[in-house]
Number of protein chains: 2
Amino acid sequence: MSPKPMARPGGRSARVQASVHAAVRELEAERGREALTVPLVAARAGVTPSTIYRRWGDLQELLSDVAVERLRPDTEPADHGALRADLTAWAEQFLDEMSSTAGRAYIRDALLGDPDGGNAGQCSAYAAAQVDLVLDRARERGENGAGGEGGEADAPAREAVMDHVVAPIMYRILFRPEGLSTVYARELVARALDGLPD
Amino acid sequence: MSPKPMARPGGRSARVQASVHAAVRELEAERGREALTVPLVAARAGVTPSTIYRRWGDLQELLSDVAVERLRPDTEPADHGALRADLTAWAEQFLDEMSSTAGRAYIRDALLGDPDGGNAGQCSAYAAAQVDLVLDRARERGENGAGGEGGEADAPAREAVMDHVVAPIMYRILFRPEGLSTVYARELVARALDGLPD
DNA sequence: CGACTAAACGCAATCCCTTTGCGTTAAGCG
DNA sequence: CGCTTAACGCAAAGGGATTGCGTTTAGTCG
C-alpha cells in the first residue's frame, strides 16, 4: 500500500515506480529537498510529468511514499539478553535516527502527503513491530511472564510501550525539537518499566 | 512570532495581515481547505498575490499561521475541585477538539509550513500552559504537595503530564487515527496519576 | 511638526508547474 | 494467440508562482 493501489504490479508499471523513487532519492541527495519538482523528478526518471501526476497525484504524496520506505527499519533490535537492556538500546537508536535532520524531514513528508492516513499508520506499524520483537523475546526468556496485560509486576504490553516511550519521543521531535538526547529515551524506558525487577 | 518577523507592527501592515487571515478563515469555511489558493485568498483580502508571497513565502506557511491561531485555547480548564477530575476533564476535551476533522487539519497545517519549528512549538506551549494551570490549582489546594518533581506519591510534574497524557494523544491522532475515544484520555490520566490518593 | 529612510505594497510581465484530452503501448487474462 | 483496459507519452492550454520596478507609508530623527 506504500505505492498507490497498483492494479498492475509488474512490468512497465513496476519499472516506472522504481525509476521515479530512485530519481527522488538521487535528486534529494544532489540538490536538496527544496529544489525538488515533479518535472525535475520526471526528467531524471525518464518519464513524463503527467505520469507522476496521474499515479501519485501530487509531489507531496510521492515524497510521502519515498519517506515511508526510508523509515522502514532495516535491522532487528539487538539482543542484549534482558528486556530492559533491549528496550533501552532500541529506544535510544530510535530517537537518534528519528531526531536527525534527515529523520525529521522523512517524518514530516510521511505525514504531509497522506490524505487517508495510511502512510502515517505504516510508520507506527513499523515501530510497533520492532517493539513486539523485543517483547516477544522477553516472553520467550520467561521474564516476568512478559507480554501480559500490563499488570503491576509484568513486562509492559505493546500498547504501553507505544504510549509511554514511542509517543513521547515522536511528540518531542515534532513539537519540541530543542534539547533532545538519548538520556530522554533512557528515562522514558525506565519509567515504563517502573516496578519491574531488573 | 505568529506572523513573519514584522518590522512594522502597525498601520497598513497590520491591516493587510488581519485582512488576509480573515480571508483564509472565510474561504476555508465557504469552499473548503482544498480549494484554497494564494490568488484566491489575495482577491478576497483585497491585496495582490505578490504581497502574500513576499510576506509568508508560501500558502502552507500562511495556513500554518492561521492554524496556530485557531489552536490557541480560548478558555481556562474547568475547575472541578480536585486534580484528578480537572485533569481528566481537560484531557477529554483536548482529545475531542484535536481529534475532530477540523482539529486534525489544523494540527497538520501547523506542522506543515513550519521551517524552523516555531509554530509547532507554540502549539505545545499552549497545551503546556493549560496543564500548568491545572497543576498550579492543585498545588494551591495543597493536594499531595502537587508540583513536586514527580515522586511516587506526589502530583505529577508538568513534563510527566506532557509525556504520558498529551504526547500519546497527539501521537494517536497523527499516526493511528482509528478508534479514538474519550475513554483513552481517561485511561492515560489514570495511569499518570497512578499511586495517588483519590 | 516636517523631512528622510526604508520597509511594505501594487502592478505587470515572465516562467514553469499543473492539468487534461487523445492516441499508443503493454500488462493481465481467457 | 487475441482481447480488454490500465498505464503511459505527447502536447496544448490554463493558471499559480516569481520577480523587477515604481509608489505608498510606517517609523524615526532633527
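A note on names: the letters A, B, ... follow the listed sequences, proteins ahead of strands, and every chain is numbered from 1.
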*Basic-acidic side-chain contact under 4.0 Å: D136(A), R139(A)*: yes
*Count the heavy atoms of every other residue, nucleotide or ligand shown that sit under 6.0 Å from CZ of R31(B), and state whether that count exceeds 12.*
no
*Closest to the S13(A) side chain: dC17(C), dA7(D), dG10(C)?*
dA7(D)
*asked:* If the cut-off is 4.0 Å, is R55(B) near the phosphate of dC9(C), judged by side-chain N/O to OP1 or OP2?
replied: yes
*asked:* Whole angstroms only, please: what is the CD-C1' distance between Q17(A) and dA7(D)?
replied: 13 Å
*To the nearest Å, how far apart are R15(A) CZ and dA26(C) P?*
8 Å
*Nearest-Å distance, CD (E34(A)) to P (dT18(D))?*
11 Å
*Can you check the L59(A) CG to dG16(D) C1' distance for me, whole Å?*
15 Å
_A quick test of your reading: do over 12 heavy atoms of other residues, nucleotides or ligands sit less than 6.0 Å from CZ of R25(B)?_
yes
*Pick the nucleotide of DNA chain C nearest each of V47(B) and P39(A); which residue has the one closer to the 5' end?*
V47(B)
*Out of dA26(C), dT24(D), dG10(C), which nucleotide sits closest to the side chain of R12(A)?*
dA26(C)
*With sequence neighbours left out, what residues match E92(A) under salt bridge (charged side-chain N to carboxylate O under 4.0 Å, His left out)?*
R186(A)
Every protein N/O within reach of nucleotides 19-21 of chain C N/O, cut-off under 3.5 Å:
unit_1	atom_1	unit_2	atom_2	d
dG21(C)	O6	R54(A)	NH2	2.4

_For residues 167-176 of chain A, which residue pairs pass the salt bridge (Lys or Arg N to Asp or Glu O under 4.0 Å) check, not counting sequence neighbours?_
R172(A)-E159(B), R172(A)-D163(B), R176(A)-E159(B)
*asked:* Does this structure show an ion pair linking R141(B) with D86(B), if we count only N-O contacts that are shorter than 4.0 Å?
replied: yes
*Quick one: which of dG16(D), dC9(C), dC17(C) gets closest to the side chain of T51(B)?*
dC9(C)
